[in-house]
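Have a look at the structure below before the remarks.
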Amino acid sequence: MKIADKSTSAVSLVKAALDKAEKYQKTHHIFNWLNQDALRQAEEIDRKIKNGEPVGRLAGVPYAIKDNYLSRQGETTASAKILTGLSAPLDATCVEKLEAEGAILIGRTNLDAFAHGSSTENSFFGPTKNAKDLSRVAGGSSGGSAVAVALDIVQFATGSDTGGSIRQPASFNGVFGIKPTYGAISRYGVVAMASSTDVLGFFAQSAADLDLLMSITAGQDAKDQTSLPDFYGTKDEKLEKQKLGYVKEFMESPALDPEIKAALEGKLTLARSKGFETVELSLPTLEYALAVYYIIQPAEVASNLSRYDGIRYAFRSQKGKDIASVFSQTRSEGFMRENKRRIMIGNFVLSSGFYDAYFLKAAKARTLIIDEFAKAFSKVDAILTPVSPNPAFKLGEKVDDPVSMYLEDVMSVPVNLAGIPAVAFPAGETKSGLPLGLQLLGPRRSDKNLLGLVEDLC
Amino acid sequence: MEITDETMNHLAELSNFSLDSSEKQALKQDLASILRYISKLDELDTTKVEPTYQVFEMENVWRADDIFPQDADREALLALAPESLEHQIKVPKVL
């Protein structure tokens with residue numbers, strides 16, 4: 001991470017970031033908001049450096065937040081019409097920790113509204129374009145953050161990963177992304193999607209940068225009951241002679257792009273040449289993970305999004321005549337089609353008569369998936385898999401076909417259901433120049449070890 | 001599992017949406033294809049399996065009954081609402 005010091009000023013770092021942000025905004029549509037106060041904040045850091053006052057580990061580092069993070073700076077919209085105009089009266093704990101170390105907010109990045117999607121096409125403000133190919137999607141839901149890092153506008157950006165929303169856009173744009181252990185980073189002040197799988201994480205240009213960001217932001221927070229006591233970096237030693245697993249069912253999947261498969265095989269060969277043992281694993285229950293996820297996640301979405309009713313937050317439809325029609329008109333106008341699909345599916349699987357067949361069944365299948373991972377991690381230290389079956393697809397290709405869009409997540413959601421960490425990293429390009437990404441999965445609390453392993457494999 | 005118009009009306013009511021007929025038809029098709037996909041779970045035997053609802057290692061922790069200052073005060077929270085009047089959120093007529 002390039003931080004401001006006596007030789008590099010925060011102002012020059014921030015000015016370069018703002019210039020690039022404005023330039024690429026025209027072509028890629030990355031930001032929902034740009035911080036006009038950033039230069040003043042940079043001057044403040046430079047003044048401290050000049051006076052010899054202490055500055056943090058991220059002094060003057062330009063960064064971006066996914067627009068579902070609350071902050072007093074700018075409006076938090078989650079790229080949804082129903083939240084437009086929301087000026088948050090508080091900062092997310094994660095934002096607070098980053099800015100306490102001197103990081104400077106450049107802007108808020110685009111996402112699929114409420115993080116529902118795998119392409120950033122479901123944004124009320126329109127899609128973000130892929131960093132390498134303007135005819136292709138950025139991936140999602142944290143598409144704007146991934147592209148902001150890939151185009152080197154900012155040195156890092158925040159994301160949230162409920163089913164793959166950090167790792168898939170990271171791999172579509174050729175950057176590093178971490179989905180930490182469930183509970184590693186406080187989620188206080190971030191718009192909730194599916195509470196049993198939501199985690200916060202980061203995009204950066206190296207595993208070492210992700211390590212620094214984790215060491216700054218991980219830890220327990222009284223404002224988030226699900227945050228874990230800080231475990232990150234408490235065991236600094238890296239395991240020697242690790243065993244690396246790969247999943248037979250993923251490798252044999254007809255949906256897997258041959259170039260991704262070849263990249264994965266290449267990394268396994270590299271691992272063996274570095275002294276790792278590689279082990280083929282059979283994880284047959286993962287085939288059901290996507291179905292489990294698209295029951296549990298919409299159920300939690302339906303509950304979490306019931307609070308947006310035109311009464312307490314920002315947007316209220318003018319079409320409502322009485323209280324009931326204010327609720328329903330606000331929700332009908334304020335949500336995107338994909339939000340509506342998920343809310344309705346969620347209410348379906350939770351409704352009387354269908355609860356046992358869908359929600360309860362999925363909750364039981366989730367146990368089987370967790371058990372299968374536990375068994376796998378008794379044999380190996382980490383598992384190498386693709387992030388998604390294919391590289392970035394064309395804009396418009398899947399947006400009207402929800403199931404084909406959901407299938408994007410088929411290799412990323414098992415991680416979220418089990419609450420384990422995963423790190424996505426670049427693994428070359430296709431012949432046509434599109435980035436390829438892989439991910440390394442580990443048992444709970446192995447986040448730091450995974451980042452070390454990724455460095456070995458890159 | 002077939003989605004009927006009646007089911008759609010029920011789901012729209014549960015979700016608090018007022019949908020016009022074209023949107024309702026489009027969503028009906030979407031929901032039918034999603035349900036077809038998630039019904040794949042029927043193949044999986046889950047008898048005698050305990051359900052998992054959360055992956056947090058939950059244990060009860062007692063804390064002192066102290067009051068912590070909140071990040072936002074009453075006025076800041078009221079300012080989030082589309083309309084407010086005399087320190088209260090203003091809503092359309094309820095009765």
Greatest number of heavy atom pairs closer than 4.5 Å to chain A - which of [options]:
options                            : value
B/Thr46, B/Asp45, B/Asp42, B/Asp20 : B/Thr46
B/Asp30, B/Leu14, B/Val91          : B/Asp30
B/Ala76, B/Ala81, B/Ala72, B/Ser15 : B/Ser15
B/Gln54, B/Arg63, B/Lys93          : B/Lys93

Is it true that, when you exclude B/Glu83 itself, more than 12 heavy atoms of the residues, nucleotides or ligands shown sit nearer than 6.0 Å to its CD?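 Check passes, neighbour count above 12.
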Does [X] come within less than 4.0 Å of [Y], counting only side-chain N to carboxylate O?
X        : Y        : answer
A/Asp221 : A/Arg187 : no
B/Asp71  : A/Lys223 : yes
A/Glu338 : A/Arg341 : yes

Residue part contacting chain A, namely of B/Asp73, when any heavy atom lies under 4.5 Å: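 Neither part.
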Under a 4.5 Å heavy-atom cut-off, does chain A meet the side chain of B/Ile89, its backbone, both or neither?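 Side chain of B/Ile89 only, per the 4.5 Å heavy-atom cut-off to chain A.
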With sequence neighbours excluded, tell me which residues meet side chain to side chain contact (heavy atoms under 4.5 Å, CB included) with A/Asp400.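 In terms of side chain to side chain contact (heavy atoms under 4.5 Å, CB included), with neighbours along the sequence ignored, A/Asp400 is linked to no residue.
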Flag the pair A/Tyr308 / A/Tyr313 as yes when their ring centroid distance falls below 6.0 Å, and as no otherwise.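 Yes; A/Tyr313 has its ring centre under 6.0 Å from that of A/Tyr308.
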Give, as side chain, backbone, both or neither, the part of [X] having an atom under 4.5 angstrom from any heavy atom of chain B.
X        : answer
A/Ser325 : neither
A/Arg444 : side chain
A/Glu333 : neither
A/Ala365 : both
A/Ala418 : backbone
A/Ser227 : backbone
A/Leu417 : backbone
A/Arg72  : side chain
A/Ile370 : side chain

Of all of A/Ile296, A/Ile311, A/Leu86, A/Asp401, which one pairs up most often with chain B through heavy atoms under 4.5 Å apart?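 Among A/Ile296, A/Ile311, A/Leu86, A/Asp401, the one with the most close pairs to chain B is A/Ile311.
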Quick one: of A/Ile420, A/Leu90, A/Leu368, who has the most non-hydrogen atom pairs under 4.5 Å with chain B?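 Winner by heavy-atom pair count: A/Leu368.
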Of all heavy-atom pairs between A/Thr226 and B/Phe56, which one has the smallest distance, and what is that distance?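 Residues A/Thr226 and B/Phe56, closest heavy atoms: O-CE1, 2.9 Å.
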Do the numbers put B/Lys40 on top of the ring of A/Tyr288, so that NZ or CZ is under 6.0 Å from the six-membered ring centre and no more than 45° off the axis?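 That pair qualifies as a cation-pi contact.
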Please identify each residue that fulfils side chain to side chain donor-acceptor pair (under 3.5 Å) with A/Thr197, with sequence neighbours left out.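 So A/Thr197 forms no side chain to side chain donor-acceptor pair (under 3.5 Å) with any residue.
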Between A/Phe359 and A/Tyr355, what is the ring plane arrangement, given parallel below 30°, perpendicular above 60°, and tilted in between?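 Judged by the thresholds at 30° and 60°, the geometry between A/Phe359 and A/Tyr355 is tilted.
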Evaluate the ring planes of A/Phe335 and A/Phe114, with Trp represented by its six-membered ring, and classify them as parallel (under 30°), tilted (30 to 60°) or perpendicular (over 60°).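 Answer is tilted, since the angle falls between 30° and 60°.
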